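Inspection log for the structure reproduced underneath, given as structure tokens.
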There are 2 protein chains.
Amino acid sequence: MKLEQVREKILNSLKNQTMCLVVGNCFVSYTGRASSKLPRGKRLLMIKADSSVSIHENRLVRPTNYMTSAKTSCELTEVDLKKGKELLIISKNKAKEILEIIFYSVDDIKVYDLPMSNDLRLSGSEKELNDALMDDLEFLEPGLKPINQQQVFRTGVCDIIAEDKDGKLVVIELKRRQADYGAVTQLKRYVEQVEKLKNIKTRGILLAPDIRKSAMELLKSYGLEYYSYDFEVGERSKIKGIGKSQQKITDIF
Amino acid sequence: MKLEQVREKILNSLKNQTMCLVVGNCFVSYTGRASSKLPRGKRLLMIKADSSVSIHENRLVRPTNYMTSAKTSCELTEVDLKKGKELLIISKNKAKEILEIIFYSVDDIKVYDLPMSNDLRLSGSEKELNDALMDDLEFLEPGLKPINQQQVFRTGVCDIIAEDKDGKLVVIELKRRQADYGAVTQLKRYVEQVEKLKNIKTRGILLAPDIRKSAMELLKSYGLEYYSYDFEVGERSKIKGIGKSQQKITDIF
DNA sequence: GCTGGGAGAGGCTTA
DNA sequence: TAAGCCTTTCCCAGC
């Protein structure tokens, strides 16, 4: 396939905001946060309507090379024939990252008119579980009353602040998957933040489906608490059961 | 395009380990770690030789839906015509995640014979910088002698352990980008690990191009140290300059 | 623009 | 298999 033709099609695709797929023998070079070279080989280039670029090999979900558009909007600054027999494509972004693709030959180029939609409806996110929990904190521990959700601290956003039956403040950090060191230290930070702010001893509860063993040890050493819980994914996610510490109680209801 | 034809091509592509691209009107449903629905719409389906699956909309580098093959190898368990006018594709993996794709119509299907290669050569990774630093620790601080690299602890892998001019143990954690809370708590863990093991007071140095302000405060509160450094990405990444604390010294050489 | 943090994180390495 | 962690993480929300 003629590279000049390919060039025209890419430029047109950019103008029309269609998705453009190019398969061919290429070399890719990236410089930015790191630098990389992808030696000559047959790959798939994908250019989307937002000018994001991906180069895919025939394995793994993630592209080997790419230029994202979300944070530092990127732009194709060059689509040009060099020496009459190389198609040079350059993408740059505001962070001064540069992606260079050289096509030596192109097997196929396809342009598809796909909408720039963004219509995935996901459920089972942490926010959703958070809301479900907020609706019924008693479920977690009798006498627990919600005070605040998504309280913004200087050091992050605290999931839930509550008050227990003895009037003690309780900071709750919810995780939708196995809790790791990060979850524990995060909770620790928030508890300290609250204690400093209110100048009063505060409890910290980590709520997660599971916790890594060493994270559990760290948590204990910090004097924090852990509850496990089960949840069901579906239209609206539901918290099913809560168990103290390592004991997991399923289907309390 | 006839769905029966599409079905045949997909099955053939799977057998031949070629990359298969399908563009058409589809509905996608996912259940696993979370659950999601992607309403009817025109999208690109990509099936790779390792059976990984991605559904791409016309924006962003990341696919809206996918099934990864790396950790929990996935498999296309079904590619079938339903009611004669729907093409149902189901992918499952060992983690019991399920991705269902229903095509109502297909605009185009393409099969490309790409190698399953994995030949990206990346430089500027943390490991590389680590090696560069290990080669000349004096660079960081006069009298600093390397003892161990990638020392494995129960709680993680410590980048570098060294001994300073006073014979004191020094744990070094290197980051290739702005250090955050995680970096600080990580270093803290390793220092504590060493102190416990050797029963001797140990220094901890965080080395990063930059550090977030609150991470810096946390670091100080832990009595740890921070050095900034610059590096150059290229064929072989090079550490260019080191500055104590917030002061950044560039191009010492 | 910076910061913090979630994500169906992905994917790799070592125990 | 599980844990730990690096990633050009990507991407978004809040300030």
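When reading the values below, keep in mind they use all heavy atoms of this one structure, side chains included, and skip hydrogens, waters and symmetry mates. Below, chains carry the letters A, B, ... as their sequence lines are ordered, and counting in each starts from 1. All values reported here derive from a predicted model rather than from experimental measurement.
As judged by a 4.0 angstrom heavy-atom cut-off over every strand, Gly156(A) is placed among residues touching the sugar-phosphate backbone only. As judged by a 4.0 angstrom heavy-atom cut-off over every strand, Ser214(B) is placed among residues touching the sugar-phosphate backbone only.
To the nearest whole angstrom, the two P atoms, one in dG8(C) and one in dG4(C), are 22 Å apart. Comparing the C1' positions of dG6(C) and dT7(D) gives a spacing of 16 Å, expressed to the nearest Å.
A cation-pi arrangement is present between Arg189(B) and Tyr181(A), with the terminal nitrogen or guanidinium carbon under 6.0 Å from the aromatic centre and inside a 45° cone about the axis.
Across the protein-nucleic acid pair, Lys213(A) atom NZ and dG4(D) atom P stand 11 Å apart, rounded to whole Å. As rounded to whole Å, 14 Å separates atom C1' of dG11(C) from atom NZ of Lys94(B). Rounded to an integer number of Å, the gap from Gln178(B) CD to dG1(C) C1' is 12 Å. Between Gln150(B) atom CD and dC12(C) atom C1' there is a gap of 13 Å when expressed in whole angstrom units. The nearest whole Å value for the distance from the CG atom in Asp50(B) to the C1' atom in dG11(C) is 12 Å. Atom CG of Asn65(B) and atom C1' of dG8(C) are 9 Å apart (whole Å).
Contacts of Gln17(B) classified as side chain to side chain donor-acceptor pair (under 3.5 Å), with partners at least two apart in sequence or in another chain: none. In terms of the side chain to side chain contact (heavy atoms under 4.5 Å, CB included) criterion, residue partners of Ala95(A) (sequence neighbours excluded) are, by chain and number, Thr72(A), Asn93(A), Glu97(A). For Tyr66(B), the ring-ring contact (aromatic ring centres under 6.0 Å, His included) criterion is met by no residue, not counting sequence neighbours. Judged as a side chain to side chain donor-acceptor pair (under 3.5 Å), and not counting sequence neighbours, the contacts of Asn148(A) are Gln151(A).
For Asp180(B) against dT3(C), no side-chain N or O and base N or O form a donor-acceptor pair under 3.5 Å.
Among dT3(C), dG4(D), dG8(C), the nucleotide with an atom closest to any side-chain atom of Arg212(B) is dT3(C).
Of the residues near DNA chain C, Thr155(A) and Leu122(A), the one whose nearest nucleotide (by heavy atom distance) lies more toward the 5' end is Thr155(A).
Heavy-atom distances under 4.0 Å link DNA chain C to Gln186(A), Arg189(A), Tyr190(A) of residues 183-195 of chain A, given in residue order.
Using a 3.5 Å distance cut-off with no hydrogens or angles, the side chains of Lys127(A) and Gln149(A) do not pair a donor with an acceptor.
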If a protein heavy atom is under 4.0 Å from the base, mark B; if only from the sugar-phosphate, S; if neither, -; do that for nucleotides 10-15 of chain D going 5' to 3'. SBS---

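Panel note: side chain Arg176(B), backbone Gly124(B); a donor-acceptor pair is recorded below 3.5 Å.
Contact between the side-chain N/O atoms of Lys175(A) and the OP1/OP2 oxygens of dG6(C) is found at a separation under 4.0 Å.
Within the 4.5 Å cutoff, the side chain of Glu57(A) has heavy atoms near those of the Asp119(B) side chain.
Separation of atoms CD1 (Ile205(B)) and CG (Leu207(B)) is listed at 8.0 Å; rounding is to 0.5 Å.
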